[in-house]
Structures are given as structure tokens and as C-alpha cells.
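Working notes, beginning with the structure itself.
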Amino acid sequence: MRFRLLLLSVLLISVESKHIKTKVVILGAGASGISAARALSNAGMEDYVIVDAQSFIGGSRVQHEAFGNSFVELGANWIYGKGDNPIHRMAMQHGLKTTPNDKNNVAYFDDFGLLKNQEEGVDISNEFESVKIKLVDYAEKRMKRQQVDLSSRSALSLLGWKPNTPLKAAVEYFNIDWEFSEPAEMCSLDYATGTVDSITGTYPLGNEFVVDERGFNYVLKKELATFLHLDDTRLMLNTLVTEVIYNDQNVTVITSNGHVIEAEYAICTFSLGVLQSDLVQFTPLFPEWKRESLLSFHMTTYTKIFLRFKERFWGDWQFALYANNVTQHGGYYTVWQNLNAPGYLFKPAATGDNILMVTTTDTESQRIERMTNSQVQHEIMLVLQKMFPSVQVEPPIDILIPRWHQHPLFRGSYSNWPIGALKKHHLNMRAPLENRLWFAGEATSSATYGFVHSAWLEGKSVAGSILECMTSQCPVYEKHEYITGCDVYVREKKPRFFGQFSH
């Protein structure tokens, strides 16, 4: 009987599984994957397949979920800049609802409630804005002199900034940790806080906060619909990739449900966190220069915790900063957002929801992911009671906590450029293998990693490279088998410190 059941299961798998041959297989249906498919379609190349483990498109950064009578974005929520920003263009074209996001609209709190002198918080925020401009100038001068990269903490100290009060630490957290998802100790000066993008943005004219109940990924769905229907067999959702076999002739993709996809080229848009993990087996194992590059960058965690209350007990501010002694040593429920601020929620508070959102990052996010929702809620309630001492704060009706770091399909939220990672590391991360297995995603953008528009532009770029491979010859992507420093003592086998070569 057991043998018959086994035989039946094998027969069912063989019936359901497919053997597909295609020109290009696109691994991932996020912004990069959709952009790559669109670029191929626009060039008249329709022989491709898109594979994604999820039941919807949008990837790891663009997801939303119902929360009360509203919908909240679990990941990407902002369109950073307008102008030539392709995501803003699509949002306008497809009628995505957004509202202006003002980081200067901030209320400052400490353990005794709302700061009596709000101007103190404004002054410190303005001071740090000046420091950020100095960071960019400082990085530029150092790079022109060919000086080594610094951690942002070292650079901040050299420029005279010291987060030696809870309020200063909270302001720094809002500008560094909240943006890069890692503290200044981890962030590169040259490639993170010292870039022009950190103060002006790649695209001008401010930021828009998505408040559309159809979700941020509505624009990706609408864009996909311009060249591919959701029921098209080339879109393979609910399909988990388990192995990718590549050589100088083709790429073979194997999925958990038995599908085998043979392609001449593959575009891998998996998150940096997945590429750093063992979720997908790559055969052969990536060469050491590729593995070193992938492991040199950080996949950060940015956690948006949503709290829905029966009654609203806060003001009309967009942001609030909570400064206390714990904040001074790494951040503790520091940045709050009011989703009831004018223009934010879809329905008025009287008929809709009362929602606060608090953001955590990095190791604090990882700590929270190991806790239960009720444990996290307990901590948050203690903080809120300190922020609003004149009100008896009632527990929220509901709490929603995405757990990006633990999720095997993501392993984090987005990438960051840490101290120690060099430009050559990034070139290696972006470089294809055998000109058959190509890589695209927000992490492969050296200039604007971490954004949805970065992922979109990278997908389009790599698709263009593959089209060149098909029609003439592949473009040359710079790569470095060995990334060396300029330490003459090591090259000459002279010890840098006593006893280095004593054995």
C-alpha cells in the first residue's frame, strides 16, 4: 500500500511539473524583474519566463496588508523625488495616491512627555542638517586626496558632532539609522552618508508617502499589464526556486514543485539577504570573488510596527522623536509616524482608524523579531505612557509587526554600504557569471542602492545588456578576482606589527 501511495505521488509530480525552455528566465517578480521583462518586451523579445515564490508581484520591498479598515505598506512606502524618477512617473500615470512627507514636521518627546522647549529639538535638527552637508564635502575632499574610507561615526567625530545627549542621539538616529537602517559605526562615509544622495536625493522636489489602499505595488501590476497578463503562462507565481545551475552555455532553474526551466540567460533579482543565505543552491558554487563581494555588503532590517487604537491621543504632527537614555545607546522606539496626520489615511479618523507607526532598525529590529507581539506591545506601551503622561494610554486594539529578517524569502529589508566594502566589491557583486547568470536589484545600484527606483533601473539595465549579448556581443562588466589594498608592508612581507610573520 505504501509503495502504491509513493508511486501515485511520483506520477502526480510528473504530471504537474513542467520542463520549460526559454531565452531568458527572470528570477523574481519585484521591481527589477518587472522592469527587465518590460525592457525585453519593448525590444520585441517575448521569449522569457518570470518566476516568483510569492502569490503576488512586488518582491520583498513592495507589500501592503489590511489593518483595521485601512491598508498599510509593510515595506517600501516612499517615492523619493520626482523629476525623472521612473517610479514617480508610473505613479502619476497610473493614479497612485500619495501625500507630501515632511521630515521637518516633528514633535520632540522625552521621558517626561512633550518637550516644553520644542525649539531645542528644531535647533539640534538644523545643526545635524549642517553636519550632513559637511559629511558630503568631507568625503569628497578625502576621496580627491585618495584617503581611505572612514566609518560615519569617525567622520562625525572628526567634524565635531557628538550625540552626547538623548535628544542629539534621537536626531542622529532619525537622520542616519532611520535612513540607512544601520548606525553610524557601520555606515561608510564615502558610499553612504557622504554621498550627495544623502542630502539632496538623486531626484529633486521632495518625497511622497504612498497612501493608496490598492497598495504601492499597484503601479507594478499596472506596468506589468501593459505587456503581460496576470494569467499568462510566462508569469509563474507560487514557484520557489531551489537550485540554479549555470555554465558558459545556459542556465537551468529547478523549483520546489519539480519544474525545470532551461534558459540561455538568467536575471537573478533575489535580495542580497537571500544571496547571502543558503536558501537557493547555485551550482557551481559562486567563485570566491563573487562570494566575497556579496558578503561584504549588509542586508539591513527596517521594521515598521503598526498600532491601532480605539481613541486618538496624539496631535497632528507627521513625525515624533522619542529621546531617552536608551536612545543614546542605539535607539529604542525612537521614530514615530502619525498615520492620522492630514492627508495620510484614506478615511477620516471618525469613521476609520487611529494608527501610529513606530520604526526600529538593525539589531533592535532583530531583537524585536524574536519577541512575541504581546511582548513588543508591552514595551511600546511603557514608552507611550512616558511620551503622554497626562493621558491614561489604553492598549492598542491591534498590532502588526512584519518580520523581514526572519523571512527566508527576504532575510532583511534593503542593502547598505558598510565601512570596509570597496567600489571593486560592488563591481564584483554586479558582474555576471559566464555572461549567462546576471544580477539585478536595488543592491546592485552603486549610486542609489536601497530604493525601489534603483531596482527598476537596474532591471532595465541588465535586460539591455542581455539584449546586446543576443544581437552582437556581451558588454564587458568590470570584475576583480583579487581585491588588494595598498599596504606595501604586506606586499614586501614586512610585518605591520610585531610577530605578524613569526611562525
Side-chain angles (χ1 to χ4, degrees), residues 139 142-152 154 182 185-192 194-195 244-249 251 265-278 280-300 411 415-447 449 454 458 461-462 465-466 468-469 473-503:
R142 290 181 61 87
M143 293 179 83
K144 285 180 178 177
R145 292 192 293 252
Q146 296 186 325
Q147 290 179 270
V148 296
D149 191 12
L150 289 177
S151 75
S152 297
S154 296
E182 287 192 310
E185 286 78 3
M186 303 300 295
C187 294
S188 160
L189 168 66
D190 289 351
Y191 303 108
T195 63
V244 178
I245 305 167
Y246 66 96
N247 54 42
D248 60 358
Q249 299 296 315
V251 179
Y265 303 92
I267 302 176
C268 179
T269 73
F270 296 152
S271 76
L272 175 63
V274 169
L275 291 174
Q276 291 173 339
S277 73
D278 56 359
V280 180
Q281 178 183 343
F282 289 91
T283 306
L285 184 69
F286 287 166
E288 185 171 339
W289 61 264
K290 172 65 79 171
R291 286 182 285 131
E292 178 185 336
S293 68
L294 291 169
L295 294 170
S296 293
F297 291 85
H298 290 180
M299 187 66 175
T300 68
R411 295 298 186 195
S415 66
N416 185 38
W417 198 309
I419 179 67
L422 304 178
K423 183 73 173 183
K424 289 180 179 178
H425 281 119
H426 196 274
L427 290 168
N428 281 357
M429 180 168 66
R430 197 170 186 268
L433 295 172
E434 306 288 357
N435 279 336
R436 296 292 173 176
L437 179 56
W438 295 72
F439 299 88
E442 55 84 12
T444 63
S445 171
S446 62
Y449 56 88
S454 312
E458 285 296 292
S461 174
V462 168
S465 295
I466 289 177
E468 285 187 50
C469 291
Q473 62 180 16
C474 292
V476 177
Y477 276 53
E478 185 179 342
K479 67 180 181 183
H480 303 268
E481 186 173 357
Y482 302 107
I483 297 177
T484 58
C486 54
D487 194 330
V488 295
Y489 295 103
V490 173
R491 291 204 300 269
E492 296 174 4
K493 296 299 181 182
K494 294 179 180 179
R496 288 179 294 175
F497 52 85
F498 180 75
Q500 182 183 9
F501 300 127
S502 61
H503 300 290

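By the 6.0 Å contact criterion, CG on Asp278 is open, its count of non-hydrogen atoms from other residues, nucleotides or ligands being 12 or less.
Atom CD of Gln249 is separated from atom CG of Asn435 by 12.0 Å, given to the nearest 0.5 angstrom. To the nearest 0.5 Å, atom NE2 of residue His480 and atom NZ of residue Lys424 are 5.0 Å apart.
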Exercise. Please walk me through it: do Thr300 and Asn416 pass side chain to side chain donor-acceptor pair (under 3.5 Å)?
Worked result: CA-CA 7 Å; Thr300 68; Asn416 185 38; over 6 Å; no
Exercise. Are Ser415 and His298 close enough, and set up right, to give a side-chain contact (heavy atoms from CB on, under 4.5 Å), and what steps lead you there?
Worked result: CA-CA 6 Å; Ser415 66; His298 290 180; over 6 Å; no
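For residues 282-298, no pair satisfies salt bridge (charged side-chain N to carboxylate O under 4.0 Å, His left out), with sequence neighbours left out.
Between Ile419 and Met186 there is no side-chain heavy-atom pair separated by less than 4.5 Å. For the pair Val280/Val244, a side-chain contact is recorded, criterion being any heavy-atom separation below 4.5 Å from C-beta on. Side-chain atoms of Cys268 and Leu275, non-hydrogen and from C-beta on, do get closer than 4.5 Å to each other. Looking at Leu427 and Lys479, their side chains never come closer than 4.5 Å, going by heavy atoms from C-beta outward. With a 4.5 Å cut-off on side-chain heavy atoms, Ser446 and Tyr191 do not count as touching.
Although no hydrogens or angles enter the test, the distance criterion places a donor-acceptor pair under 3.5 Å between the side chain of Asp149 and the main chain of Asp190. No side-chain donor-acceptor contact under 3.5 Å links Tyr449 to the backbone of Thr444. A side-chain donor-acceptor contact under 3.5 Å links Gln276 to the backbone of Leu294. Side chain of Arg436 to backbone of Asn247: no donor-acceptor contact under 3.5 angstrom is found. The closest donor-acceptor contact from the side chain of Arg142 to the backbone of Val148 lies under 3.5 Å.
Listed here is the closest heavy atom pair of Ala421 and Ser296: CB-O, 3.6 Å.
Partners of Asn428 according to the side-chain hydrogen bond (donor to acceptor under 3.5 Å, both in side chains) rule, which considers only residues two or more places apart in sequence or in another chain, do not exist here. Evaluation of the side chain to side chain contact (heavy atoms under 4.5 Å, CB included) rule for Ala440 yields Ser32, Ile267, Thr269, Glu458, Val462 as partners, not counting sequence neighbours. Residues passing the ring pair (Phe, Tyr, Trp, His ring centres under 6.0 Å) test with His426 are Phe297, Trp417, sequence neighbours excluded. Residues meeting the side chain to side chain contact (heavy atoms under 4.5 Å, CB included) test with Ser152, sequence neighbours left out: Ala184, Cys187, Thr193. The ring pair (Phe, Tyr, Trp, His ring centres under 6.0 Å) check on Phe286 picks up Phe282, Phe439, with sequence neighbours excluded. For Glu185, the side-chain hydrogen bond (donor to acceptor under 3.5 Å, both in side chains) partners are Arg153, not counting sequence neighbours. For Cys469, the side chain to side chain contact (heavy atoms under 4.5 Å, CB included) partners at least two apart in sequence or on another chain are Tyr265, Trp438, Cys474, Pro475. Listed by chain and number, the residues in a side-chain hydrogen bond (donor to acceptor under 3.5 Å, both in side chains) with Thr283 are Glu243, Gln281 (sequence neighbours excluded). Under the side-chain hydrogen bond (donor to acceptor under 3.5 Å, both in side chains) criterion, Thr195 pairs with no residue, sequence neighbours left out.
Side-chain contact check for Ser151 and Ser154: at least one donor-acceptor pair (N or O, by modelled atom type) lies under 3.5 Å. Using modelled atom types, one finds a donor on one side chain and an acceptor on the other under 3.5 Å when comparing Tyr477 with Ser465.
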